[in-house]
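The next block holds one structure in the form of structure tokens; read it before the comments.
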Amino acid sequence: MRPTGRLHLGHLVGALQNWVPLQDRHDCFYFVADWHALTSEYADTSQTTAYAYENVADWIAAGLDPEKSTLFVQSLVPAHAELYLLLSMVVPIPWLERVPTYKEQQEALKDKDLSTIGFLGYPLLQTADVVIYDARVVPVGEDQVAHLELSREVVRRFNNVFGEVLVEPQPLLTSFARLPGLDGNRKMSKSLGNTIELSDDAEAVRKKVMRMYTDPKRVRADIPGTVEGNPVFLYHDAFNPNKAEVQDLKDRYERGAVGDVEVKQKLAHALNTMLEPLRDRRAALASKPGRIREILEEGSARARKVAGGTMERLRDAVKLRYR
Ligand code: AMP
């Protein structure tokens with residue numbers, strides 16, 4: 001995850017909730033992609049490390065366990081850059097120019113100069129991030145399968161040139177629901193300012209929910225409303241475990257027999273109940289100053305060891321061996 005802002009509910013449903021159960025089935029590596037943050041944010045890096053620590057606090061609050069998984073910082077494992085360089089020797093530039101997000105992001109972020117080598121090369125750096133751990137699987141949503149396909153092509157090309165030294169990673173498709181924003185926009189996103197952050201307190205959550213976009217045609221509580229596609233009900237479905245309550249609210253909403261205030265109060269309650277254990281874990285972590293840094297230092301040392309082993313093998317394969 002790139003440390004470019006605070007984490008929100010979208011990160012919880014789209015990433016963290018998938019990552020947590022994987023810890024019991026796999027040897028997982030989760031990292032702060034600070035070099036990836038630079039690909040688009042190089043002009044202002046003043047907050048990058050602060051976001052890194054905050055993001056990792058949220059990961060642990062959400063259930064990632066440094067005893068089970070390796071949590072680390074990309075730039076503390078310089079071998080990622082060395083492998084990226086080796087890969088860059090065999091990968092044709094058009095392969096990277098063809099990645100759909102390359103042009104899309106340049107269009108979307110017109111205020112930034114993204115005509116850099118770093119930005120063009122980021123899918124290659126991602127490839128290095130994955131294959132340096134001989135990763136067999138990468139948890140991705142449907143929309144990221146194309147990126148992983150590029151990684152697989154890169155591996156095949158590299159192996160063609162230097163022998164079978166890299167493992168082709170497979171996508172591990174995660175259930176990926178794109179969480180809409182509080183404003184009804186199709187995606188909750190920091191840049192759209194429509195988020196509930198994992199670190200918001202109960203009162204902030206309540207206030208944001210009360211201002212949420214809902215059925216705009218429903219100006220009074222006795223007018224039948226639309227449940228389908230209504231973000232308030234999408235959130236109820238995603239976060240309220242009391243299915244009977246949700247069904248009752250939907251029925252009454254469609255009949256014009258419930259006010260928006262009640263629907264939203266119950267949603268705020270469900271969200272705060274869900275976030276409470278995260279808040280407790282984050283508070284426990286905050287009471288130990290320096291603990292996150294220690295976790296990242298230990299995790300990065302472990303990652304360096306694994307990555308270093310891979311690089312030894314690759315230096316042999318590339319025949320850059322001086323002894
Ligand atoms: P970003 O911070 O936008 O780069 O997102 C990092 C990852 O978090 C994405 O690849 C998704 O897996 C997840 N994510 C971010 N926003 C959302 C959202 N609104 N709904 C679902 N998943 C999301």
Side-chain angles (χ1 to χ4, degrees), residues 1-4 7-37 51-81 83-84 122-123 125-145 147-152 154-155 166-177 198 277-278 281-282 284-285 291-311 313:
M1 234 183 239
R2 300 182 340 134
T4 55
L7 302 189
H8 52 66
L9 289 178
H11 294 112
L12 190 66
V13 298
L16 294 170
Q17 279 179 350
N18 291 316
W19 293 3
V20 171
L22 290 178
Q23 301 183 109
D24 296 318
R25 300 201 294 276
H26 296 273
D27 181 12
C28 298
F29 287 73
Y30 296 119
F31 70 97
V32 174
D34 55 351
W35 280 335
H36 283 288
Y51 285 141
Y53 288 127
E54 280 193 44
N55 289 180
V56 173
D58 281 338
W59 294 358
I60 293 168
L64 289 194
D65 179 351
E67 299 292 321
K68 292 182 183 168
S69 298
T70 303
L71 310 184
F72 70 98
V73 176
Q74 184 183 31
S75 69
L76 294 181
V77 189
H80 287 231
L83 178 52
Y84 168 67
Y122 92 83
L125 182 56
Q126 278 186 324
T127 304
D129 299 334
V130 169
V131 301
I132 204 159
Y133 299 102
D134 289 333
R136 266 115 188 119
V137 289
V138 189
V140 290
E142 199 88 55
D143 58 335
Q144 295 165 48
V145 173
H147 273 170
L148 202 65
E149 197 43 53
L150 173 86
S151 295
R152 290 154 54 79
V154 169
V155 166
L166 294 179
V167 176
E168 242 184 78
Q170 306 287 334
L172 182 76
L173 272 184
T174 51
S175 60
F176 174 81
L198 300 183
L278 277 77
R281 278 195 289 267
R282 194 188 298 93
L285 200 57
R291 181 67 190 126
I292 299 179
R293 188 190 310 187
E294 206 174 81
I295 288 168
L296 289 175
E297 273 168 10
E298 283 168 14
S300 300
R302 211 180 321 157
R304 275 196 299 274
K305 216 164 158 193
V306 180
T310 307
M311 288 317 298
R313 199 173 77 219

Could you work out, with salt bridge (Lys or Arg N to Asp or Glu O under 4.0 Å) as the rule, every residue matching R304, not counting sequence neighbours? none

Donor-acceptor contact below 3.5 Å, side chain T310 vs main chain I132: yes

What is the distance from atom CD of E168 to atom CD of Q170, rounded to the nearest 0.5 Å? 6.5 Å

Aromatic contact, Y133 with F72 (centres under 6.0 Å): yes

Do you know which two heavy atoms are closest between W59 and L16, and how far apart they sit? CD1-CD2, 3.6 Å

Restricting to non-hydrogen atoms, name the atom on A57 and the atom on L285 that form the minimum distance, rounded to 0.1 Å. CA-CD2, 3.8 Å

What are the two closest non-hydrogen atoms of L22 and N18, and how far apart are they? CG-O, 3.3 Å

Which atom names give the shortest non-hydrogen contact between A33 and P3, and what distance separates them? O-CD, 3.3 Å

Tell me, do V140 and H147 make a side-chain contact under 4.5 Å, heavy atoms counted? no

Determine whether L7 and M1 make a side-chain contact, defined as any pair of heavy atoms from C-beta on separated by less than 4.5 Å. yes

Mind running side-chain contact (heavy atoms from CB on, under 4.5 Å) on Q126 and L150 for me, showing each step along the way? CA-CA 10 Å; Q126 278 186 324; L150 173 86; over 6 Å; no

Spell out, as yes or no, whether a donor-acceptor pair under 3.5 Å connects the side chain of Y30 to the backbone of W19. yes

If you round to the nearest 0.5 Å, how far is CD of Q17 from OG1 of T174? 11.5 Å

Quick one: closest heavy-atom pair of S300 and L296, and the distance? OG-O, 2.6 Å

Do the side chain of R152 and the main chain of P169 share a donor and acceptor less than 3.5 angstrom apart? yes

Expected output: side-chain H8 to main-chain G10 donor-acceptor under 3.5 Å: yes

Gap between atom CD of E54 and atom CZ of R282 - 0.5 Å precision: 8.5 Å

Residues 60-71, side-chain donor-acceptor partners within the protein, below 3.5 Å, at least two apart:
from, atom 1, to, atom 2, distance (Å)
D65, OD1, E67, N, 2.8
K68, NZ, D24, OD1, 3.1
S69, OG, Q23, OE1, 3.0
T70, OG1, R302, NH1, 3.2

If you draw a 6.0 Å radius around CZ in R313, do more than 12 non-hydrogen atoms from other residues or ligands fall strictly inside? yes

L83 vs V131 side-chain heavy atoms within contact, under 4.5 Å: yes

Test side chain to side chain contact (heavy atoms under 4.5 Å, CB included) applied to S75 - qualifying residues, sequence neighbours left out: D34, W35, V73

Tightest non-hydrogen contact, residues H80 and L125, listed as O-CD1, 4.1 Å

With rounding to the nearest 0.5 Å, note down the distance linking CG in D58 to CG in L12. 9.0 Å

When you compare the side chains of D129 and H36, does any donor N or O come within less than 3.5 Å of an acceptor on the partner? yes

